[in-house]
Trainee: 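Can you read through this structure? Questions will come right after.
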Amino acid sequence: MRLTILGGGGFRVPLVYGALLADHAEGRVTHVVLHDLDPARLSAVTRVLAEQAADVPDAPEVTATTDLDEALRGADFVFSAIRVGGLEGRANDERVALAEGVLGQETVGAGGIAYGLRTVPVAVDIARRVARLAPDAWVINFTNPAGLVTEAMSRHLGDRVIGICDSPVGLGRRIARVLGANPKEAWIDYVGLNHLGWVRGLRVAGRDELPRLLADPDLLGSFEEGKLFGVDWLRSLGAIPNEYLHYYYFNREAVRAYQQAEKTRGAFLHEQQARFYAEMRNPDAPAWKVWDDTRAEREATYMAENRETAGAGERDEDDLSGGYEKVALALMRAIARDERTTLILNVRNQRTLSVLDTDAVIEVPCLVDANGAHPVTVDPLPDHATGLVCAVKAVEREVLAAADSGSRTTAVKAFALHPLVDSVNVARRLVDGYTAVHPGLGYLK
């Protein structure tokens, strides 16, 4: 089976390859094709993978190319993990927004809109090429903003593109662990949009254990989300929100923390990974060790400003192991081998949430089999969550419209309608600021 990874020179590719190395079942991936626009990054990652596979006799073959069409031909699965504009672009997304006093996070608020406007045209081109060159391939989208990009690609690939994120899985795992339950045996009642969802229940052997957690302030305050949001607020909600909702519920504090930070998350990662790729130019550098040391630092500092604002302290060691590559592999296995499973994924709504149309991509538990991912029926969201989901989905639709039409006016509308952008004039200045620093937004007229 042939797997193509777009963004194959990206830093997290070894996580995916590591999961593949641990898979020895029949029907596994035998050939990995890495595609990237940067040959030096491809070379660096290929070296890391070679050291990973040194003691694995049946390791999947790895080839690398800068030719997109060549990478797609013959693919059974395509992992799309691109970053249009690179980490420098992410740092600029943060900087321009913070200068206007609004959030510039990668997927939330102004930063997420700017990233989406850069990424959607490229993602649509990829979707069209897949439809032409590998029409039977399944596309698993890692690219952020994951829900928005998946929806853009679904307009050309239908249900053969599925978005993934490890945040809901990690959240469910933490809740199960604190309740003393096995995460593999728990049903997580979760729904929303990517980075905008809530756990409303966690069932073990048919019994909802979430009320027990909400009723115990010591237990509730003992894990990441309890520390991040505070016990009182979680009990008021009657649910456990995805960690990214901290940017909505504590927006003023989050913006202030980012403004006061020595450097933004994007700037930190840009500098950190620049050091990694520079070090990898040395042919004698121990590729795996250099990569793994960099990874550990990256994961330990994830959402550091939010945790500092909330007084949540350092991340628990159990939360430093990532997980998105495991979700991707489980999804791929379920489809390729018809190993039926349940995963929280980004898929078209169909009739899951009545307040959204059938084509809107949402994040929801899905039953997965050889025919793809099928969203399960869920209870309606409470009014406060429905309002937020509908508002952010409306913004995503304006982003898609702007990317399709090239309309600067529509782009301004997308920024202005977002709940975390508080003025139309700010929205206009954001568009001016982003188009000035991002050549990839030159299409907006």
Side-chain angles (χ1 to χ4, degrees), residues 107 140-141 145-148 150-151 154 158-159 161-176 179 181 183-214 225 229 234-245 248-249 323 327 330-331 334-335 340-369 371-394 396-397:
T107 63
I140 300 178
N141 178 54
L148 171 65
T150 300
E151 184 164 330
S154 73
D159 293 327
V161 58
I162 301 167
I164 68 167
C165 180
D166 60 353
S167 288
V169 177
L171 174 56
R173 185 176 62 231
R174 288 189 292 274
I175 295 173
L179 286 168
K184 295 180 180 179
E185 298 175 357
W187 171 267
I188 305 168
D189 178 6
Y190 177 98
V191 70
L193 306 180
N194 180 237
H195 289 180
L196 193 81
W198 296 261
V199 171
R200 292 98 52 86
L202 188 136
R203 295 190 174 274
V204 180
R207 176 186 175 91
D208 186 3
E209 298 290 344
L210 191 64
R212 177 163 67 88
L213 176 62
L214 293 170
E225 280 68 24
F229 292 100
L234 294 184
R235 297 176 82 173
S236 294
L237 291 174
I240 311 296
N242 185 298
E243 60 198 343
Y244 282 83
L245 274 151
Y248 292 88
Y249 295 145
V327 179
L331 172 59
I335 294 174
R340 300 185 180 190
T341 190
T342 303
L343 298 167
I344 298 175
L345 301 167
N346 287 267
V347 296
R348 292 198 288 188
N349 177 49
Q350 299 180 21
R351 291 179 295 276
T352 308
L353 288 178
S354 61
V355 295
L356 298 177
D357 61 69
T358 58
D359 293 333
V361 166
I362 63 172
E363 195 165 72
V364 65
C366 297
L367 301 176
V368 188
D369 57 24
N371 295 314
H374 317 282
V376 303
T377 301
V378 297
D379 291 333
L381 285 164
D383 289 347
H384 68 85
T386 295
L388 199 48
V389 163
C390 289
V392 173
K393 179 54 70 176
E396 290 184 354
R397 290 290 172 75

Trainee: Kindly indicate whether the side chain of Tyr248, heavy atoms from C-beta on, has any atom under 4.5 Å from the side chain of Val392.
Mentor: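 They are in contact (side-chain heavy atoms under 4.5 Å apart), so the answer is yes.
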
Trainee: Between Val191 and Arg200, is any pair of side-chain heavy atoms under 4.5 Å apart?
Mentor: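 Yes, side chains in contact.
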
Trainee: Would you indicate whether the side-chain heavy atoms of Ile164 and Leu345 approach each other to under 4.5 Å?
Mentor: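 Yes. Closest side-chain heavy atoms under 4.5 Å.
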
Trainee: Any chance you could measure Lys184, atom NZ, to Thr342, atom OG1, to the nearest 0.5 Å?
Mentor: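 If I round to the nearest 0.5 Å, the distance is 14.5 Å.
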
Trainee: Starting at OG of Ser167, measure out to CD1 of Ile344 and round the result to the nearest 0.5 Å.
Mentor: 10.5 Å

Trainee: Between His195 and Thr107, what is the shortest heavy-atom contact and its length?
Mentor: ND1-OG1, 2.7 Å

Trainee: For the residue pair Leu353 and Val364, establish whether any side-chain heavy-atom pair is separated by less than 4.5 Å.
Mentor: no

Trainee: Evaluate the side-chain proximity of Val389 to Trp198: yes if any heavy-atom separation is below 4.5 Å, no if none is.
Mentor: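 Touching, per the 4.5 Å side-chain cut-off.
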
Trainee: Ignoring hydrogens and geometry, is there a side-chain-to-backbone donor-acceptor pair from Asp357 to Ala360 under 3.5 Å?
Mentor: yes

Trainee: Once you round to the nearest 0.5 Å, how far does CG of Asn242 lie from CG of Leu196?
Mentor: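 These two atoms lie 8.0 Å from each other.
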
Trainee: Specify the closest pair of heavy atoms between Ala146 and Asn141, including all atoms of both residues, with the distance to one decimal.
Mentor: O-ND2, 3.4 Å

Trainee: Of all the heavy-atom pairs spanning Leu171 and Glu225, show the shortest one and how long it is.
Mentor: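 So the minimum-distance heavy-atom pair works out to CD1-CD, 3.5 Å.
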
Trainee: Starting from the C-alpha separation in whole Å, work towards a yes-or-no answer on side chain to side chain contact (heavy atoms under 4.5 Å, CB included) for Leu214 and Ile240.
Mentor: CA-CA 9 Å; Leu214 293 170; Ile240 311 296; 4.0 Å; yes

Trainee: Looking at Pro183 and Ala176, what are the two nearest heavy atoms and their distance?
Mentor: CA-CB, 3.9 Å

Trainee: Would you say the side chain of Tyr249 lies within less than 4.5 Å of the side chain of Leu237, judging by non-hydrogen atoms?
Mentor: yes

Trainee: Under a 4.5 Å cut-off applied to non-hydrogen side-chain atoms, are Asp189 and Pro365 in contact?
Mentor: no

Trainee: Can you check whether Asn349 reaches Asp359 side chain to side chain, under 4.5 Å on heavy atoms?
Mentor: no

Trainee: Kindly state each residue pair satisfying side chain to side chain donor-acceptor pair (under 3.5 Å) with at least one member in residues 371-391, sequence neighbours excluded.
Mentor: Asp369-His374

Trainee: Over all heavy atoms of both residues, which pair between Leu193 and Tyr190 is shortest? Give the atoms and the distance, please.
Mentor: O-OH, 4.3 Å

Trainee: What do the steps show when you test Leu388 against Leu245 for side chain to side chain contact (heavy atoms under 4.5 Å, CB included), and what is the final call?
Mentor: CA-CA 10 Å; Leu388 199 48; Leu245 274 151; 3.7 Å; yes

Trainee: To the nearest 0.5 Å, tell me how far Thr341 OG1 sits from Ile335 CD1.
Mentor: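 With rounding to 0.5 Å, OG1 (Thr341) is 11.5 Å from CD1 (Ile335).
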
Trainee: Closer than 4.0 angstrom, basic N to acidic O: yes or no for Asp159 and Arg348?
Mentor: yes

Trainee: Determine all donor-acceptor pairs shorter than 3.5 Å in which one atom belongs to a side chain in residues 204-213; sequence neighbours excluded.
Mentor:
unit_1: Arg207; atom_1: NE; unit_2: Glu209; atom_2: OE2; d: 3.4
unit_1: Asp208; atom_1: OD1; unit_2: Leu202; atom_2: N; d: 3.1
unit_1: Asp208; atom_1: OD1; unit_2: Leu210; atom_2: N; d: 3.0
unit_1: Glu209; atom_1: OE1; unit_2: Arg212; atom_2: NE; d: 3.0
unit_1: Glu209; atom_1: OE1; unit_2: Arg212; atom_2: NH2; d: 3.4
unit_1: Arg212; atom_1: NH2; unit_2: Leu179; atom_2: O; d: 3.1

Trainee: Looking at Val361 and Ser154, what are the two nearest heavy atoms and their distance?
Mentor: CG2-OG, 4.4 Å

Trainee: Could I get the full list of salt bridge (charged side-chain N to carboxylate O under 4.0 Å, His left out) partners for Glu363, not counting sequence neighbours?
Mentor: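 So Glu363 forms no salt bridge (charged side-chain N to carboxylate O under 4.0 Å, His left out) with any residue.
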
